[in-house]
Amino acid sequence: MLKQDVALHFRDALEIGQEIRQGRLSARQVATYFLDRIERAAELNAFSVITAERALAQADAADRLLAAGIVLGPFHGVPVAVKDSVQWEGTEATLGSQSRGGKLSTETAVVLRSLMAHGLVVLGKTRMTEFAFGLSGQNPSQGTARNPWDAVVARAPGGSSSGSGVAVAAGLVPMAMGGDTGGSVRAPATLNGLVGYKPSTGVISCAGSLPLSATLDVLGPIARSVADARQVTALLAGPDIADPSTLALPAGCVAALRAPVAPIQGSIAVLDETDWPATLDRDTQTSWHSTLERLQEAGVSLQTWAPPPDCSFARLAEDNSIVLAYEAYQYYGELAADPRHDLWSVVRERILAGGRIDRAAYEAALQRRTTDMQAFAQAMHGFAALLMPACDQVAQPLDPEDVRHAGLGRLLRPGNFLGAAAISLPTGLDGHGLPTGIQLMTPRGRDAGLLDCAHGVEHALGRLSRHPDLTAWGL
């Protein structure tokens, strides 16, 4: 067992990979260290399945390969976790719902096979909002992952990839994969002080991952740094015949992800406050203006930007909800309509609401989506990325009706509807010690440019130096 004062649990995944490759740590030491933290932090409820036996076997294999001079990549031997919706043959995949309890996967998702093929050690699967339908991260059915930034009040961990955000924030794993259909990677990253990257639609194959909306579903990493998020995505990206969206993406998009980081090209567009789809509370508004000042002081060029007249971000968010709800009902409507199945009433109603959307409204939203994607790409020509708030408030106490974080969705869902590349970045802590954040966005396929910009913004703002106090959970 490694000494706790090494603070390995708060180091970047790439740094841990370097330690392993250079022989200062073994993959088994690292896996054992993190598995011990997971076991001691059970009250955080970050994991739905802990695959300790498989993880240690993978770590031992990574060490044997390294001893033979074989390195599978920059994350060789580095632990990772995946959202519960990512299937792994022989493990339970409940989608956060008791109604799926005991269902074992008979296949392994493409993204998980790719992680293991590049030498990462999978420690387990993480908690999520039931059926991935909610951004606060609440899950009364199986227990809500605990936001580690407040040991007294149970606050929203962000969803639906709640466990992935909590696991990284609490130092239970260096990096985790989530899914983002309406903000579900960026929400937990923002509320936990992390980096959350939603790649363009089609960058990472979703084949073998359980769906919420085939049109909108995207897989992406939650990490401590932009570099970690970029590197793991570069490994996972590429065409997959089992996921048609990956075949529609220009090959140059994936190739560019693997190029060296470049300086920010041009000005960053800043969404005009009159076009925000949600109103920020006073503290978050103050944080937003402070962030803009810090960027300008660092020499980053900012230019106020308004969307095209027919491309209101509020409407984009609403259209995203139409497509999401309609498609979710096609998958889970029959289950939700059966009172014998145990579902949280809030999620049951969200699924059933999709059944009240007629097909004409759904198809009209899809038609607008095509037009909106083209209009956004044209309007962003010459800009490095679009900058806008990632949250309207910090993590709030959990509420039974799950309505306190509605503004979060209005800010995050436009990126999903546009099929855009989007990334959330921490900007600091508010007066109560809770994380705040921003997001950057580019048109679909411009992921490398987005990540170049995010790297520059991360450098200008500085990395979040504080971590949650974990003593209440025995860590």
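Bear in mind that the values here come from a model prediction, so they are computed numbers and not experimental data. The first residue of the sequence shown is numbered 1, and numbering continues consecutively from there.
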Worksheet item: Would you say Arg404's side chain and Asp399's backbone share a donor-acceptor pair under 3.5 angstrom?
Response: no
Item to complete: Return yes if a side-chain donor-acceptor contact under 3.5 Å exists between Asn45 and Arg127, otherwise no.
Response: yes
Item to complete: State whether the side chain of Asp447 and the backbone N or O of Ser200 hold a donor-acceptor pair below 3.5 Å, judged by distance alone.
Response: yes
Item to complete: In plain terms, say whether Glu349 and Arg356 are close enough for a salt bridge, that is, a side-chain N and a carboxylate O under 4.0 Å apart.
Response: yes
Practice prompt. Check whether more than 12 heavy atoms from other residues, nucleotides or ligands sit under 6.0 Å from atom CD of Gln330, and answer yes or no.
Written response: yes
Fill in: Side-chain touch Phe383/Ile268, heavy atoms, less than 4.5 angstrom
no
Fill in: Qualifying ring pair (Phe, Tyr, Trp, His ring centres under 6.0 Å) pairs with a residue from residues 262-284, counting only residues at least two apart or across chains
Trp276-Trp288
Worksheet item: Is there a side-chain contact between Gln138 and Trp344 (heavy atoms, below 4.5 Å)?
Response: yes
Worksheet entry | Under 3.5 Å donor-acceptor, Thr291 side chain and Ser287 backbone | yes
Worksheet entry | Side-chain donor-acceptor contact under 3.5 Å, Tyr326 with Arg359 | yes
Worksheet item: Looking at side-chain heavy atoms only, is the closest gap between Pro188 and Ser162 below 4.5 Å?
Response: no
Practice prompt. May I ask you to check whether Ser97 and Ser99 show a side-chain donor-acceptor distance below 3.5 Å?
Written response: yes
Worksheet item: What do the steps show when you test Val394 against Trp149 for side chain to side chain contact (heavy atoms under 4.5 Å, CB included), and what is the final call?
Response: CA-CA 11 Å; Val394 296; Trp149 286 92; over 6 Å; no
Discussion item. Rounded at 0.5 Å granularity, tell me how far CG in Leu343 sits from CZ in Phe131.
Written reply: 5.0 Å
Item to complete: Output the distance between atom CG (Leu72) and atom CE (Met116), rounded to the nearest 0.5 Å.
Response: 12.5 Å
Worksheet item: Looking at Arg348 and Asp338, does any basic side-chain N land under 4.0 Å from a carboxylate oxygen?
Response: no
Worksheet item: Out of curiosity, Leu434 CG to Asp150 CG, how far, rounded to the nearest 0.5 Å?
Response: 6.0 Å
Worksheet item: Do we see a donor-acceptor contact under 3.5 Å between the side chains of Gln439 and Ser424?
Response: no
Worksheet item: Will you find, in the side chains of Ser136 and Asp402, an N or O donor that is under 3.5 Å from an N or O acceptor?
Response: yes
Worksheet item: With no hydrogens and no angle check, do the side chains of Asp240 and Thr246 hold a donor and an acceptor under 3.5 Å apart?
Response: no
Fill in: Atom pair OG1/CG of Thr371 and Asp310 - distance to nearest 0.5 Å
9.5 Å
Discussion item. Pair Ser209, Leu219 - check side chain to side chain contact (heavy atoms under 4.5 Å, CB included), show working.
Written reply: CA-CA 9 Å; Ser209 296; Leu219 296 173; 3.6 Å; yes
Discussion item. For Ala93, is there any backbone N or O sitting under 3.5 Å from a side-chain donor or acceptor partner on Asp84?
Written reply: no
Worksheet item: With distance as the sole test, does Thr233 use its side chain to make a donor-acceptor pair with the main-chain N or O of Ala229 at under 3.5 Å?
Response: yes
Worksheet entry | Flag, side chain of Arg230 to backbone of Leu257, donor-acceptor distance under 3.5 Å | yes
Practice prompt. Compare all side-chain heavy atoms of Val261 with those of Leu451 and state whether any distance is below 4.5 angstrom.
Written response: no
Worksheet entry | Between Thr427 and Thr436, a side-chain donor and acceptor under 3.5 Å | yes
Discussion item. side-chain hydrogen bond (donor to acceptor under 3.5 Å, both in side chains) for Thr286 and Asp283? Distances and angles first, verdict last.
Written reply: CA-CA 5 Å; Thr286 299; Asp283 289 346; 5.3 Å; no
Discussion item. For Pro174, is there any backbone N or O sitting under 3.5 Å from a side-chain donor or acceptor partner on Arg224?
Written reply: no
Worksheet item: Shortest non-hydrogen contact from Ala325 to Phe133?
Response: CA-CZ, 4.2 Å
Practice prompt. Would you please say whether a donor-acceptor pair under 3.5 Å links the side chains of Gln142 and Glu130?
Written response: no
Item to complete: Find out whether Leu411 and Pro277 are in side-chain contact, i.e. whether some heavy atom of one side chain is under 4.5 Å from a heavy atom of the other.
Response: yes
Fill in: Side-chain donor or acceptor of Asp228 paired with backbone N/O of Leu14 under 3.5 Å
yes
Response to the item:
The residue among Arg368, Arg413, Arg410 that forms salt bridge (charged side-chain N to carboxylate O under 4.0 Å, His left out) with Asp319 is Arg368
Item to complete: Sequence neighbours left out, what passes ring-ring contact (aromatic ring centres under 6.0 Å, His included) with His467? Give chain and number order.
Response: Phe10
Worksheet, complete the sentence: d(Gln87 CD, Leu112 CG) to nearest 0.5 Å is 10.0 Å
Worksheet item: For Thr190 and Cys391, which heavy atoms make the closest approach, and how far apart are they?
Response: CG2-SG, 3.7 Å
Worksheet item: Between Arg369 and Asn416, is a side-chain hydrogen bond (donor to acceptor under 3.5 Å, both in side chains) present by the stated rule, with each step listed?
Response: CA-CA 10 Å; Arg369 186 178 192 235; Asn416 299 88; over 6 Å; no
Practice prompt. In sequence, state the C-alpha distance, the side-chain angles, and the governing distance for Val111 and Val82, and then conclude on side chain to side chain contact (heavy atoms under 4.5 Å, CB included).
Written response: CA-CA 9 Å; Val111 67; Val82 297; 5.9 Å; no
Discussion item. Please give me the minimum heavy-atom distance between Gly137 and Thr144, naming the atom from each residue.
Written reply: O-CG2, 3.5 Å
Worksheet item: Of all heavy-atom pairs between Gly333 and Leu352, which one has the smallest distance, and what is that distance?
Response: O-CD2, 4.1 Å
Worksheet item: Can you check whether Lys198's main-chain N or O pairs, donor with acceptor, with Asp180's side chain at less than 3.5 Å?
Response: no
Worksheet item: Regarding Lys83 and Ser184, is there a side-chain donor-to-acceptor distance under 3.5 Å anywhere?
Response: no
Practice prompt. May I ask you to check whether over 12 heavy atoms, not counting those of His289, lie within 6.0 Å of atom NE2?
Written response: yes
Worksheet entry | Leu292 and Val270, any side-chain heavy atoms less than 4.5 Å apart | yes
Worksheet item: Is there side-chain contact between Met175 and Asp12, with heavy atoms separated by less than 4.5 Å?
Response: no
Discussion item. Is there a side chain to side chain contact (heavy atoms under 4.5 Å, CB included) between His405 and Asp392? Walk through the geometry before answering.
Written reply: CA-CA 8 Å; His405 294 85; Asp392 59 328; over 6 Å; no
Fill in: Heavy-atom closest contact (Asp217 atom, Pro211 atom, distance)
OD2-CA, 3.3 Å
Practice prompt. For the residue pair Phe376 and Met441, establish whether any side-chain heavy-atom pair is separated by less than 4.5 Å.
Written response: yes
Fill in: Nearest-0.5 Å distance that lies between atom CG in Leu95 and atom CG in Asn139
10.5 Å
Worksheet, complete the sentence: Correct closest heavy-atom pair for Tyr331 and Ala214 would be OH-CB, 3.4 Å
Worksheet item: Would you say the side chains of Ser160 and Thr129 form a donor-acceptor pair under 3.5 Å?
Response: no
Discussion item. Could you check whether any side-chain N or O of Asn320 sits under 3.5 Å from a backbone N or O of Leu316, counting only pairs where one atom can act as donor and the other as acceptor?
Written reply: no
